[in-house]
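A quick write-up on the structure given underneath.
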Amino acid sequence: LGQGSKPDTYADYRKLLEPIGPVVSLDIALYGATDVVGDCQRLPIRSEAIAAVFAVEVLEHLPRPWVFFHEAARVLRPGGVLAGVAPQYC
């Protein structure tokens, strides 16, 4: 599951991750690379359903980032991976 799917920031990450397994991108608005429109602080995904969550330049936009971390933990399978990228200026 990729959080933040604007084509200019997400396309390279998607290419990197696709060989590992299916990639589903989620964003708050519909962009060219968005598969699911939703709020990353209320993920529309069942618990323990995702192997990895990759947040692409999204954390710096969240007023309460800890809510996202709780949601990511909820949807991750046991042993799942959470990774993220943030701009240098954060």
Side-chain angles (χ1 to χ4, degrees):
L1 174 68
Q3 305 283 322
S5 59
K6 289 185 180 178
D8 59 333
T9 57
Y10 191 68
D12 291 337
Y13 297 114
R14 187 176 194 117
K15 287 178 193 172
L16 178 69
L17 297 171
E18 282 178 337
I20 299 168
V23 176
V24 176
S25 64
L26 178 138
D27 210 312
I28 195 73
L30 184 60
Y31 296 103
T34 306
D35 297 314
V36 176
V37 175
D39 184 346
C40 70
Q41 297 179 102
R42 279 181 248 117
L43 293 170
I45 297 168
R46 63 182 165 82
S47 297
E48 299 185 0
I50 303 292
V53 173
F54 190 59
V56 179
E57 299 182 11
V58 67
L59 299 175
E60 66 274 13
H61 299 287
L62 301 176
R64 298 177 308 157
W66 59 88
V67 176
F68 162 72
F69 288 112
H70 285 285
E71 273 295 276
R74 180 185 66 78
V75 302
L76 281 171
R77 296 177 188 153
V81 175
L82 171 62
V85 176
Q88 180 176 330
Y89 59 85
C90 282

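Since this is a predicted model, take the numbers as computed values, not measurements.
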Under the side chain to side chain contact (heavy atoms under 4.5 Å, CB included) criterion, do V24 and V36 qualify, and how do the steps go?
CA-CA 7 Å; V24 176; V36 176; 3.8 Å; yes
Scan the side chains in residues 42-54 for donor-acceptor partners under 3.5 Å anywhere in the protein, sequence neighbours excluded, and list what turns up.
{"residue": "S47", "atom": "OG", "partner": "R74", "partner atom": "NH1", "Å": "3.2"}

Could you pull out the closest heavy-atom pair between C40 and E71, with the gap in Å?
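So the two residues come closest at O-CB, 3.8 Å.
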Nearest heavy-atom pair of V37 and I28: which atoms, and what distance?
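Nearest pair, atom of V37 first, then I28: CG1-O, 3.5 Å.
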Roughly how far, to the nearest 0.5 Å, is the CG atom of D35 from the CG atom of L26?
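So the gap between those two atoms works out to 9.0 Å.
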If you measure from CD on Q41 to CH2 on W66, what distance do you get to the nearest 0.5 Å?
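Between Q41 CD and W66 CH2, I get 9.0 Å after rounding to 0.5 Å.
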